[in-house]
Number of protein chains: 4
Amino acid sequence: MLLTIDTADRRAIYQQVADGIKALIARGDLAEGAPLPPVRQLAADLGVNLNTIAAAYRELQSDGLITVKHGSGAVVASRTMERSDDELRRTLRTALTQLVLAGLPKGRILNIVSDELHTLMKGTK
Amino acid sequence: MLLTIDTADRRAIYQQVADGIKALIARGDLAEGAPLPPVRQLAADLGVNLNTIAAAYRELQSDGLITVKHGSGAVVASRTMERSDDELRRTLRTALTQLVLAGLPKGRILNIVSDELHTLMKGTK
Amino acid sequence: MLLTIDTADRRAIYQQVADGIKALIARGDLAEGAPLPPVRQLAADLGVNLNTIAAAYRELQSDGLITVKHGSGAVVASRTMERSDDELRRTLRTALTQLVLAGLPKGRILNIVSDELHTLMKGTK
Amino acid sequence: MLLTIDTADRRAIYQQVADGIKALIARGDLAEGAPLPPVRQLAADLGVNLNTIAAAYRELQSDGLITVKHGSGAVVASRTMERSDDELRRTLRTALTQLVLAGLPKGRILNIVSDELHTLMKGTK
DNA sequence: GTGGTCTAGACCACG
DNA sequence: GTGGTCTAGACCACC
């Protein structure tokens, strides 16, 4: 699944998992209709509790990205997620502020953005 | 101070304050050596708990961006913050994933990045 | 059979099937003594797992609405189901709460109730 | 809080709690801005686990009925909840089917509906 | 086999 | 003092 959790990361574990899967969906590594790994299996693979993964799947479900069926499992439902323009701008601004304060020059930041965007959108068209 | 808190924002209040001040520092609106408002005053202005502002200042201090002296208040100590490349990339990727999943086309995303970056770096050179 | 399953429905599939058949019985579309489709056939028609239909029939049986004989299939046994007044009220209240919170005015709710009731009781006399 | 949980009820405990609070909100017993009891207190009052109540609050939050603030608590945010017409009709039909199959005559059902609706909407205008 | 619910209890984050 | 997260482990519901 190409997912890792990092204890140094300030985000909650379930959030890292949810964000990681969102990236996989954006990239198309998880296409619409693709099954997600069973909660228990992913929990075992990542060495975390079952409920932690369940929380991640719950977030993905409430974002409309996956559908979870009781006896079957979870599958990717959509590659689109609702977010207001305001929130998107705010999110981006907060992230960019980190890079600017880290001292990266504008050109370098644009390079990284371009690079990440390329990876994230490789499956978009 | 041009700081606002938004109850619709998913971030914690102290985080909104800290992030807001970071943006002000990045933009140069708060230059090196500039004094930050007293905790009590900012708390009153924003209508939040005093401890909330204290938590924000604590984060800024641990990031090395401000120094807090008892009695004389807080001042901007630096416009640079340590962050590993990994962490920066991760932060940016997580933010960009939101925009991509929201369905924004690449060109639009680059426009927003460029726009935000312009605002954030206006005081850099 | 006029039964459909809807993946957007929050209810479990077996529950949708059981509820759907209950509505057919209430309406008289399935009269007392009428045979239900064989489990295998209904499963095939709806494109769901055989056990799912079996679970639905099991609920109908435990409600006393059908009898299942090995070899001869299931038939409608009764058009009456035991339910305590408390439970009925609770069920109705929970449903009505949804409509009220959805912002429907009283008149509109009464119209829908009347409409649905008319359909459900058309075979009652 | 006028909330009770019933082990005979087929709904999950957290669902009973969520539904109960929804009814209180619809009735206006919990007005907009009113604080909900702390998770731990309600858990103790009802004799269930803290996480069970947290799950109920999470549902109310995702329905947009309450907002939960980290160090403060939960307050009623709105008395309106989004639901599609289809879903509302389906919900009502399923509930009414129970009453019809329980053998209640039309007049009696309308009486109960009217009664419940009166209670639920007492705080609407 | 799948996910869902619930418990008990610990620890952290927020205001 | 508030809610959030995480764990370990049990049992249930669904397909």
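Residue numbers begin at 1 in each chain, while the letters A, B, ... track the order of the sequences. Excluded from the calculations below are hydrogen atoms, water molecules and symmetry mates; all remaining heavy atoms, backbone and side chain alike, are included.
Contact annotation: the side chain of C:Leu3 approaches that of C:Leu24 to within less than 4.5 Å [non-hydrogen atoms, C-beta and beyond].
Heavy-atom nearest nucleotides on DNA chain F were determined for A:Ala55 and for C:Arg11, and the one closer to the 5' end corresponds to A:Ala55. If you find the closest nucleotide of DNA chain F to A:Ile13 and to A:Ser72, the one lying nearer the 5' end belongs to A:Ile13. Nucleotides of DNA chain E nearest to A:Lys69 and B:Gln15 differ in position, and the one nearer the 5' end is that of A:Lys69.
Nearest to the side-chain atoms of D:His70 among the listed nucleotides F:dG3, F:dC15, E:dC6 stands F:dG3. Across E:dG15, F:dC14, E:dT7, the shortest atom-to-atom separation from the side chain of D:Asn49 is found for E:dT7. Set against F:dT2, F:dC6, F:dC15, the side chain of D:Pro38 has F:dT2 as its closest nucleotide. Checking F:dG9, F:dG3, E:dG3 against every side-chain atom of D:Val39, the shortest atom distance belongs to F:dG3.
Comment: C:Arg83 engages C:Asp63 in a salt bridge, judged by a side-chain N to carboxylate O separation of less than 4.0 angstrom.
A 3.5 Å limit on both hydrogen-bonding distances identifies E:dG1 as the Watson-Crick or G-U partner of F:dC14.
Backbone-only contact: A:Val48 has heavy atoms under 4.0 Å from sugar-phosphate atoms and none from a base. Nucleic acid contact class of B:Leu50 (heavy atoms, under 4.0 Å, all strands): none. Residue contacts shown for D:Tyr57 are absent, as no nucleic acid heavy atom lies under 4.0 Å away.
Distance CZ (D:Arg40) to C1' (E:dA8): 13 Å, rounded to an integer number of Å. In this structure, C:Glu59 places its CD atom 12 Å from P of F:dC15, rounding to the nearest Å. Summarising the geometry, the separation between OH on A:Tyr14 and P on F:dT5 is reported as 4 Å, rounded to the nearest angstrom.
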Applying side-chain contact (heavy atoms from CB on, under 4.5 Å), run through A:Ile21 and A:Tyr57 and close with a yes or a no.
CA-CA 9 Å; A:Ile21 294 178; A:Tyr57 280 23; 3.8 Å; yes

Test log, rule salt bridge (Lys or Arg N to Asp or Glu O under 4.0 Å), inputs D:Asp6 and C:Arg90
CA-CA 11 Å; D:Asp6 178 356; C:Arg90 195 169 55 198; 2.7 Å; yes

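The phosphate of E:dT7 has OP1 or OP2 within less than 4.0 Å of a side-chain N or O from D:Thr52.
Using a 3.5 Å distance cut-off with no hydrogens or angles, the side chains of B:Gln98 and A:Glu87 do not pair a donor with an acceptor.
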